[in-house]
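Labels below follow one simple rule: chain letters A, B, ... track the order of the sequence lines, proteins then strands, and each chain is numbered from 1. Being a predicted model, the structure only gives us computed values, none of them experimental.
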Number of protein chains: 4
Amino acid sequence: MSSHRGADPRTAAALRFARRAASGPRAPLPRALNEECGVFGLIGNDGPAASRVAMGLHALQHRGQEAAGICTFDGEQFYAERNLGLVIPHFTQAHVLEQLEGQAGIGHTRYSTTGAPNRRNVQPFYADLDIGGVALAHNGNLTNARVLRQRLIQQGRIFHTTSDSELFLKLIAQSRAPQITDRVREALGVVEGAYGLLVLSQDCLIGVRDPVGIRPLVLGRLNGAPVLASETCAFDLIGAEFERDIEPGEMVICSADGTVKSVRIFPAPAHPRPCIFELIYFARPNSFIDGQSVYALRKRLGQRLAMESPVEADLVAPIPDSGIAAAIGYAAQARLDYDMALIRGHYAGRTFIEPTQEMRELGVARKLSANKGVVDGKRITLIDDSLVRGTTSKKITAMLREAGAREVHFRIACPPIVWPDYYGIDTPDRDELMAATHTIDQMRDAIGADSLAFLSLDGIYDALDKGPRGEAPAFTDHCFTGDYPTSLADQDSGADCRPSGTLSYLKERTA
Amino acid sequence: MSSHRGADPRTAAALRFARRAASGPRAPLPRALNEECGVFGLIGNDGPAASRVAMGLHALQHRGQEAAGICTFDGEQFYAERNLGLVIPHFTQAHVLEQLEGQAGIGHTRYSTTGAPNRRNVQPFYADLDIGGVALAHNGNLTNARVLRQRLIQQGRIFHTTSDSELFLKLIAQSRAPQITDRVREALGVVEGAYGLLVLSQDCLIGVRDPVGIRPLVLGRLNGAPVLASETCAFDLIGAEFERDIEPGEMVICSADGTVKSVRIFPAPAHPRPCIFELIYFARPNSFIDGQSVYALRKRLGQRLAMESPVEADLVAPIPDSGIAAAIGYAAQARLDYDMALIRGHYAGRTFIEPTQEMRELGVARKLSANKGVVDGKRITLIDDSLVRGTTSKKITAMLREAGAREVHFRIACPPIVWPDYYGIDTPDRDELMAATHTIDQMRDAIGADSLAFLSLDGIYDALDKGPRGEAPAFTDHCFTGDYPTSLADQDSGADCRPSGTLSYLKERTA
Amino acid sequence: MSSHRGADPRTAAALRFARRAASGPRAPLPRALNEECGVFGLIGNDGPAASRVAMGLHALQHRGQEAAGICTFDGEQFYAERNLGLVIPHFTQAHVLEQLEGQAGIGHTRYSTTGAPNRRNVQPFYADLDIGGVALAHNGNLTNARVLRQRLIQQGRIFHTTSDSELFLKLIAQSRAPQITDRVREALGVVEGAYGLLVLSQDCLIGVRDPVGIRPLVLGRLNGAPVLASETCAFDLIGAEFERDIEPGEMVICSADGTVKSVRIFPAPAHPRPCIFELIYFARPNSFIDGQSVYALRKRLGQRLAMESPVEADLVAPIPDSGIAAAIGYAAQARLDYDMALIRGHYAGRTFIEPTQEMRELGVARKLSANKGVVDGKRITLIDDSLVRGTTSKKITAMLREAGAREVHFRIACPPIVWPDYYGIDTPDRDELMAATHTIDQMRDAIGADSLAFLSLDGIYDALDKGPRGEAPAFTDHCFTGDYPTSLADQDSGADCRPSGTLSYLKERTA
Amino acid sequence: MSSHRGADPRTAAALRFARRAASGPRAPLPRALNEECGVFGLIGNDGPAASRVAMGLHALQHRGQEAAGICTFDGEQFYAERNLGLVIPHFTQAHVLEQLEGQAGIGHTRYSTTGAPNRRNVQPFYADLDIGGVALAHNGNLTNARVLRQRLIQQGRIFHTTSDSELFLKLIAQSRAPQITDRVREALGVVEGAYGLLVLSQDCLIGVRDPVGIRPLVLGRLNGAPVLASETCAFDLIGAEFERDIEPGEMVICSADGTVKSVRIFPAPAHPRPCIFELIYFARPNSFIDGQSVYALRKRLGQRLAMESPVEADLVAPIPDSGIAAAIGYAAQARLDYDMALIRGHYAGRTFIEPTQEMRELGVARKLSANKGVVDGKRITLIDDSLVRGTTSKKITAMLREAGAREVHFRIACPPIVWPDYYGIDTPDRDELMAATHTIDQMRDAIGADSLAFLSLDGIYDALDKGPRGEAPAFTDHCFTGDYPTSLADQDSGADCRPSGTLSYLKERTA
């Protein structure tokens with residue numbers, strides 16, 4: 001695995017982007033391959049695994065709302081249930097849980113991409129192998145999935161999903177090693193990219209984290225039984241205790257008797273680079289990453305932002321709920337009042353049903369309302385955790401001005417996002433990233449704000465006590481820098497499985 | 001209409017309660033009669049009414065999540081759609097909206113009581129009368145509904161719902177007056193209780209507020225067209241401008257040409273008494289009541305609470321989202337840090353599906369998580385807007401201690417709730433109201449907090465600039481005082497429609 | 001109740017038709033008022049009533065496939081379930097049956113009219129009255145329903161369905177008689193038309209048949225418990241024994257102790273006139289009417305038809321399944337081979353989903369296929385029980401010729417249908433009745449048959465041993481003769497509930 | 001491929017059965033592998049293929065009611081829709097058909113086995129291969145499916161269904177031949193058993209019939225475009241003309257230009273042996289097999305049965321509808337009256353919902369009723385096409401006696417069924433085949449009939465003009481004789497994919 005850092009990482013990424021842009025109009029990259037997800041598993045539990053997996057998945061619901069699935073094993077047989085929709089209420093129904101027998105189980109919750117969701121892509125994936133049944137749940141994205149897929153299809157293999165995660169299953173099945181652990185190791189030798197991966201076999205529950213440590217995976221204990229999850233918040237809900245982060249490149253093999261064996265699949269990296277977006281954006285505020293409270297880290301980003309980009313104002317307000325921690329930090333540092341300029345509604349859930357034009361235009365107003373009683377006549381510093389397309393920010397600014405705001409100052413608790421992600425975050429195409437095509441002044445004008453500032457790259461490393469960024473940055477931060485920590489085989493090869501640029505010749509309805 | 005204030009209101013209420021308790025085991029009062037709801041209507045719109053009614057109902061979704069309905073009129077014909085579930089996504093589907101033709105319409109969103117929801121009870125209600133079609137949506141509750149129902153059944157009338165709102169329709173149908181407005185007036189002369197009522201006829205859109213002004217109703221304009229809603233937040237979403245509150249006892253008759261005629265159905269009360277719970281609890285923070293920002297009022301309650309019941313602590317935290325405004329006010333007044341001790345999840349929505357025992361016990365943890373990074377080792381003052389049963393408070397205290405909190409001090413931004421409501425708020429039975437059966441010390445111990453304090457009754461009136469409470473209180477505050485502003489015929493008569501104490505001899509499944 | 005026989009019944013009917021035709025384009029009569037249905041009830045059963053009512057309704061499924069409902073009574077409480085769709089599988093589910101408690105119950109199965117079915121119209125209807133709960137199921141149609149409806153609306157009553165059957169409920173509720181039996185009697189004194197009516201109160205199960213005896217109703221016993229049904233075939237399925245037909249104008253009052261009290265609501269008619277279409281068309285072949293096997297009667301119609309209209313042919317074939325009995329009778333009488341020229345499929349069920357044009361054109365071919373192996377080179381006499389629009393006959397003739405038939409001779413085992421029904425049979429408008437607008441020669445040509453003949457009116461009376469027809473015909477036969485046995489108030493008055501000619505100002509979706 | 005005829009075929013089969021029986025209690029063979037199905041395909045159509053495939057599948061609905069699927073190709077892209085339930089109404093909806101673009105398509109209708117149906121097993125199956133997309137529909141069953149499946153799993157392949165048909169897809173994908181036709185040929189060289197197989201590639205529509213000709217496949221033309229179907233009745237419905245039967249072991253390659261190329265995959269068998277059960281039992285009466293009308297053949301079986309086993313009786317009656325043709329033949333030969341002793345209902349459709357005990361006991365009575373008017377006092381000869389478990393026959397006999405039948409004589413138009421099928425017919429286990437465990441006298445007594453007779457084996461060959469049976473029988477008739485025309489590798493090897501005898505370690509809910 002070669003990194004993509006070179007003379008100037010921005011240059012390499014820019015070239016890649018230019019190459020793609022030059023190749024003319026082509027079908028959009030299928031979003032189904034680019035998802036953020038959550039995984040959860042346990043073994044050796046002193047009761048049915050299913051309800052605890054369900055609770056763990058519920059705690060990880062923020063990592064994916066399109067679909068969820070659970071697969072359990074009772075020592076003889078595997079049991080599976082996969083469903084489009086949220087974990088609750090489907091996976092809290094007694095008749096669903098009862099048929100998921102056994103005291104070991106894994107689960108997966110899946111990101112909601114645009115377009116119709118597809119039943120086939122719902123994880124965990126399962127296969128009957130000669131060495132027994134194997135179930136698998138994957139958070140992350142592979143960067144050579146298409147190259148591998150194309151190669152396997154040329155070898156006569158059939159894919160049943162459009163998910164890159166199916167590759168793990170294919171490679172594990174194909175391995176001739178007698179042990180599941182060796183098969184997983186062989187498979188991981190071939191793939192590149194990001195993963196927090198759970199594999200449930202009839203012998204053990206395996207957890208692996210990619211060699212760079214891009215995606216997270218944590219180990220806990222529930223009355224002694226090993227538990228694995230994408231985030232620690234899942235432990236809190238089921239009453240498990242956090243033990244430690246799985247290391248980049250580490251495989252843990254958990255048994256029903258409670259033993260956890262650690263194996264190094266890849267040599268320990270000189271400097272692990274977890275994805276900085278987990279800290280900034282994805283993780284639940286009450287999760288801990290690398291021993292640090294996510295909420296506390298975000299507050300520190302807000303404090304640093306106040307130091308870097310102060311502004312005279314009457315109050316500091318968050319975009320709820322994403323900007324709350326940073327806004328509290330900013331307000332404290334700036335010694336300004338913290339208040340709610342925007343009120344969040346609780347009934348604005350995603351919908352796949354095509355609404356009328358009028359409804360679509362509602363946009364953010366379905367979810368956020370200006371709090372006129374606070375806003376009227378005031379100069380407001382508005383804090384958010386990030387700025388992607390800028391469309392929401394524009395609508396919010398207009399809403400606040402409509403409600404009487406005298407000034408609206410936007411402060412963003414991370415640097416400008418200028419490069420797409422290929423590791424499991426569903427970023428828009430580059431030309432939809434506002435910061436990739438606008439200067440900061442242009443962005444401020446487009447949004448209609450009185451001022452706009454981003455946290456600096458050095459500032460973020462400093463605030464997290466990992467600064468300066470330097471030669472060996474402590475995070476994967478390509479969205480700000482274009483410095484991708486792995487090769488990007490699919491991007492470089494332009495690999496597709498068929499000429500038209502989509503993954504399959506088949507269109508199937510899945511209502 | 002006689003008020004229930006007397007020598008000592010608490011005595012009268014206590015007697016009533018004692019009488020009920022003494023009458024031995026009886027079927028619980030059907031909750032379906034006791035609901036908080038939201039209403040919305042407009043006429044003379046310059047486009048289809050349905051999508052705007054849907055948006056208005058969405059903005060009022062916090063007032064009822066069980067069901068919603070819309071009825072429109074196109075000058076010839078009425079169109080209706082009623083649905084169990086939230087407004088979005090059902091009422092944002094093009095094929096649903098398209099068949100609701102016409103530029104006038106009313107809508108209703110209904111509170112989610114426990115037990116299976118019933119299709120028949122979903123409003124608006126509709127009837128073909130000799131004077132044409134009439135549709136009706138009602139927020140509130142009548143206090144002589146059962147007495148009237150019993151009387152009408154004895155006269156040979158058939159009820160199709162178990163909702164008290166059907167009485168309006170029956171009384172309007174029965175009136176022999178030639179004008180719908182006179183029929184509505186006649187009907188209102190017979191009923192007692194609380195209402196914000198919308199009636200759509202082929203001539204006009206009528207809005208009425210009960211003579212005491214218990215339930216709210218506001219008038220706005222959308223490009224000149226009259227709009228009526230339970231709360232101003234519905235105007236914001238559709239871009240309408242707030243004009244004024246409907247007065248207690250006032251009827252407004254809105255026409256398609258934009259005229260709004262005001263008629264006094266009841267003499268203006270010497271002192272209107274809107275329900276204090278709208279301010280404290282129900283209304284969206286961004287709504288305005290009587291010209292005041294609800295959010296700002298709640299902040300003032302928090303400030304007053306800090307003055308009345310200070311406590312040494314490291315931080316002030318809200319129960320999100322209900323306690324946020326008061327907590328911000330309290331922290332500012334107390335000069336303490338405001339921070340998030342609890343993180344709210346966004347996927348914990350109500351479910352009518354019966355879960356497993358383990359899932360049920362999750363309770364509040366499905367929705368709130370302790371924020372260990374903030375809480376650990378700290379003394380916390382926790383603010384909420386009210387305390388009803390105390391079960392959630394107990395779980396939260398335990399969660400915070402588990403996360404390392406050194407002290408937990410509960411501060412409630414209203415007085416103890418000791419009497420049930422009969423005007424449309426679904427309060428539990430008296431013996432489930434914690435404050436009705438415990439002293440404050442007992443409550444503190446039951447919750448497990450280090451201290452507990454409530455805002456005083458005088459404090460609340462003071463904070464709202466309506467103090468002192470005195471002889472002519474500015475609010476309906478019976479839940480704190482037992483001082484009910486109307487007669488309670490149903491309660492006093494023990495009126496039921498059948499011996500067993502339930503409303504109907506029929507049980508009907510409505511899956 | 002005055003009959004509509006006069007100098008020449010055809011003249012009266014023709015005048016009425018002409019009047020309607022002359023009144024210009026108007027909304028079609030709402031079909032929802034014109035349905036054939038099935039009813040079933042029992043009381044004093046030695047086990048749960050619900051599953052037996054469900055079986056009885058299943059046996060009556062041919063009388064209505066749109067919807068079904070059951071209402072039971074357990075001595076304290078009524079229980080109801082109403083559902084769009086067939087009886088099986090909905091009413092065979094344990095969880096549905098279990099909640100329909102009690103040993104007395106009635107059920108209703110409803111005819112499938114075109115257009116979207118409506119939940120509100122599904123019977124049994126139920127009301128809480130001052131004398132307790134009352135449930136009601138009605139087979140038939142009232143001829144003064146609109147006149148009565150209009151009158152009641154003018155008196156301030158509200159209708160919740162567009163079904164004429166709701167009138168029974170309204171009239172029973174309105175009666176001030178203390179006994180349910182007297183209330184039913186009062187109600188029946190006001191309505192005109194056809195009914196087999198079941199009423200379940202907390203005291204008894206009542207069955208009544210209209211004074212002319214147009215619609216059927218039979219009494220049976222299940223282990224001593226009284227059972228009432230539209231047809232005897234329902235008794236066979238549950239193992240009940242047939243006791244007798246309810247007489248025209250008779251009310252039977254069945255009690256839980258097994259007693260059946262007979263009361264004459266109307267004087268016994270000089271000559272009862274059951275609807276001849278029950279014999280010819282509606283009843284299941286294995287039912288008995290007036291002591292006669294329906295199948296055997298239809299065979300006799302076929303025999304008579306062979307005598308009246310012989311034709312040289314190679315074989316006699318039925319339109320399956322409606323023409324089978326008559327074809328077997330015809331073949332035996334004509335001493336010709338009986339064979340299957342058409343094969344009926346079993347998967348052609350009605351669908352409310354709008355298909356593509358191509359699918360719609362399939363028409364009868366979805367259900368019937370030419371049996372080339374039998375047909376090829378043959379002269380075929382094709383027998384059916386009736387001919388309404390002629391469109392199916394035309395397609396069948398073409399199919400048979402396509403399959404090689406040398407000659408196709410149509411023989412219809414009843415006279416030409418030239419007048420619409422107003423008693424519960426959903427006949428098309430007169431201008432869609434082929435025989436009303438064509439001579440027999442024209443019909444033969446339109447169908448494309450080599451010959452066409454109908455059974456004569458005298459022939460049908462003769463064959464049924466009730467001939468000649470004479471002054472006091474033994475059947476209601478207006479569809480052939482225009483001789484309606486009751487007044488037709490709605491038709492004569494042109495009564496509607498609103499100017500546009502539909503029943504309600506409301507359009508409501510019922511998906 | 002070796003046949004299983006030897007010294008005494010019954011001996012070999014008996015040994016096999018004994019071996020299985022001796023191996024002790026084991027999980028039942030999964031029925032999902034043993035299904036009768038229907039296939040339909042066309043290419044070069046002058047309009048959208050989908051609606052015609054849907055019509056073709058509807059005509060084949062009798063071959064499978066659990067699920068149906070269609071896959072089309074528009075020259076660029078494949079489109080699929082697979083659905084649990086009948087063809088109509090799902091596949092007649094415009095929005096379903098419209099998204100199945102293209103003028104070539106194949107479809108599959110699937111047999112309804114007991115237990116929960118599984119979405120994954122619904123055909124057509126599809127795969128993206130290196131040579132493009134391939135869709136596949138299979139009628140029949142492989143006899144070495146498990147052996148092959150086990151082998152492929154050992155080679156690291158993953159199966160996604162429990163259907164043997166998936167093997168075709170795997171083998172085609174695995175072949176390295178450049179042409180789809182060669183790949184299909186390679187695949188067919190490995191499998192053994194019965195198939196009518198359709199393969200749709202981007203180049204052509206391929207049809208193949210197994211080398212023995214067990215399962216049927218016919219070729220037709222629709223305005224010149226080639227059409228393939230399991231039975232000719234599908235041609236009649238869409239207006240296509242029958243061209244010829246596909247020969248055993250023949251592959252036809254149909255192109256969009258209308259050419260049909262024939263290739264011999266296997267040498268023409270000395271004597272093809274189509275499954276006799278297609279004639280006797282499965283095929284629609286209006287289909288033609290090998291140029292013969294199925295209906296006419298069944299009539300001849302009835303005639304022969306009358307010659308072999310006459311009985312004095314008052315009438316001859318069929319079990320409707322399966323026995324109709326044979327009964328008409330029997331009656332004509334015996335010069336007895338043909339009449340309907342049983343009436344078939346039209347609303348008794350299969351249900352997967354678990355009913356109450358009482359409902360389950362209804363059994364055949366849900367579907368058939370005794371026709372008392374015909375039966376009472378009569379001696380009845382009852383004709384059916386086959387007798388499997390005998391439970392229905394027993395209930396029918398009881399029903400007829402209850403209705404007054406004096407004598408009931410059962411005559412079965414085929415020999416006793418004593419051996420299970422392995423070629424796609426879902427026969428029960430041998431110990432549930434009544435004739436395998438009872439003498440004819442014992443069967444008669446168990447059924448409660450006055451007499452019972454089966455058509456002789458010689459009789460059936462004679463009646464079909466293929467007699468005597470001799471050394472080279474014209475049909476596959478193992479159910480009567482134990483003479484299986486292929487090897488039975490799965491049965492002989494006891495091959496399973498896992499020790500517990502089921503196909504997969506996974507249980508998955510498929511609600």
Side-chain angles (χ1 to χ4, degrees), chain B residues 69 71-74 76-83 95-96 99-101 119-120 125-135 149-162 166 169-176 183 202 497-500 502-511, chain C residues 69 71-74 76-83 95-96 99-101 119-120 125-135 149-162 166 169-176 183 202 497-500 502-511:
Chain B
C71 188
T72 59
F73 179 64
D74 71 356
E76 282 284 319
Q77 193 87 29
F78 288 81
Y79 305 85
E81 173 88 6
R82 304 183 304 159
N83 184 60
H95 77 276
V96 170
Q99 49 98 25
L100 291 167
E101 298 180 32
R119 277 178 196 281
R120 291 180 171 230
F125 292 153
Y126 173 85
D128 286 305
L129 304 188
D130 49 344
I131 59 167
V134 168
R149 187 183 178 99
Q150 204 168 33
R151 190 185 305 158
L152 284 169
I153 285 177
Q154 277 155 2
Q155 289 167 9
R157 313 300 299 270
I158 298 169
F159 283 81
H160 290 262
T161 74
T162 50
E166 191 182 359
L169 206 61
K170 284 271 187 289
L171 293 168
I172 290 167
Q174 189 163 278
S175 162
R176 296 296 81 210
R183 288 186 170 211
Q202 51 194 38
C497 293
R498 47 164 307 193
S500 71
T502 65
L503 263 181
S504 170
Y505 290 94
L506 181 69
K507 287 189 185 169
E508 185 164 12
R509 235 176 44 106
T510 54
Chain C
C71 188
T72 59
F73 179 64
D74 70 357
E76 282 284 319
Q77 193 86 27
F78 287 80
Y79 304 85
E81 172 88 7
R82 305 182 304 159
N83 184 62
H95 77 277
V96 169
Q99 49 97 26
L100 291 167
E101 298 180 31
R119 278 178 196 281
R120 292 181 170 230
F125 292 154
Y126 173 85
D128 287 304
L129 304 188
D130 50 344
I131 58 166
V134 168
R149 185 183 179 101
Q150 204 168 34
R151 191 185 306 158
L152 284 169
I153 284 177
Q154 279 156 1
Q155 290 167 9
R157 312 300 299 268
I158 299 170
F159 283 80
H160 290 261
T161 74
T162 51
E166 191 182 358
L169 207 60
K170 282 271 186 292
L171 294 168
I172 290 169
Q174 188 161 280
S175 162
R176 296 295 83 210
R183 288 185 169 210
Q202 50 195 38
C497 293
R498 49 165 304 194
S500 70
T502 65
L503 263 181
S504 172
Y505 289 94
L506 180 68
K507 287 190 187 168
E508 185 164 13
R509 239 177 40 110
T510 54

*Evaluate the side-chain proximity of K507(B) to Q77(C): yes if any heavy-atom separation is below 4.5 Å, no if none is.*
yes

*Measure E101(C) against the heavy atoms of chain B and call it side chain, backbone, both or neither at under 4.5 Å.*
neither

*Does any heavy atom of chain B fall under 4.5 Å from the side chain of Y79(C), the backbone, both, or neither of them?*
both

*When only pairs under 4.5 Å are counted, which of K170(B), R176(B), H160(B), Q174(B) shares the most heavy-atom pairs with chain C?*
H160(B)

*Do F73(B) and Y505(C) have side-chain heavy atoms sitting under 4.5 Å apart?*
no

*What is the minimum heavy-atom distance between D130(B) and I153(C), and which atoms define it?*
N-CG2, 3.4 Å

*Which portion of L169(C) sits near chain B, non-hydrogen atoms under 4.5 angstrom*: both

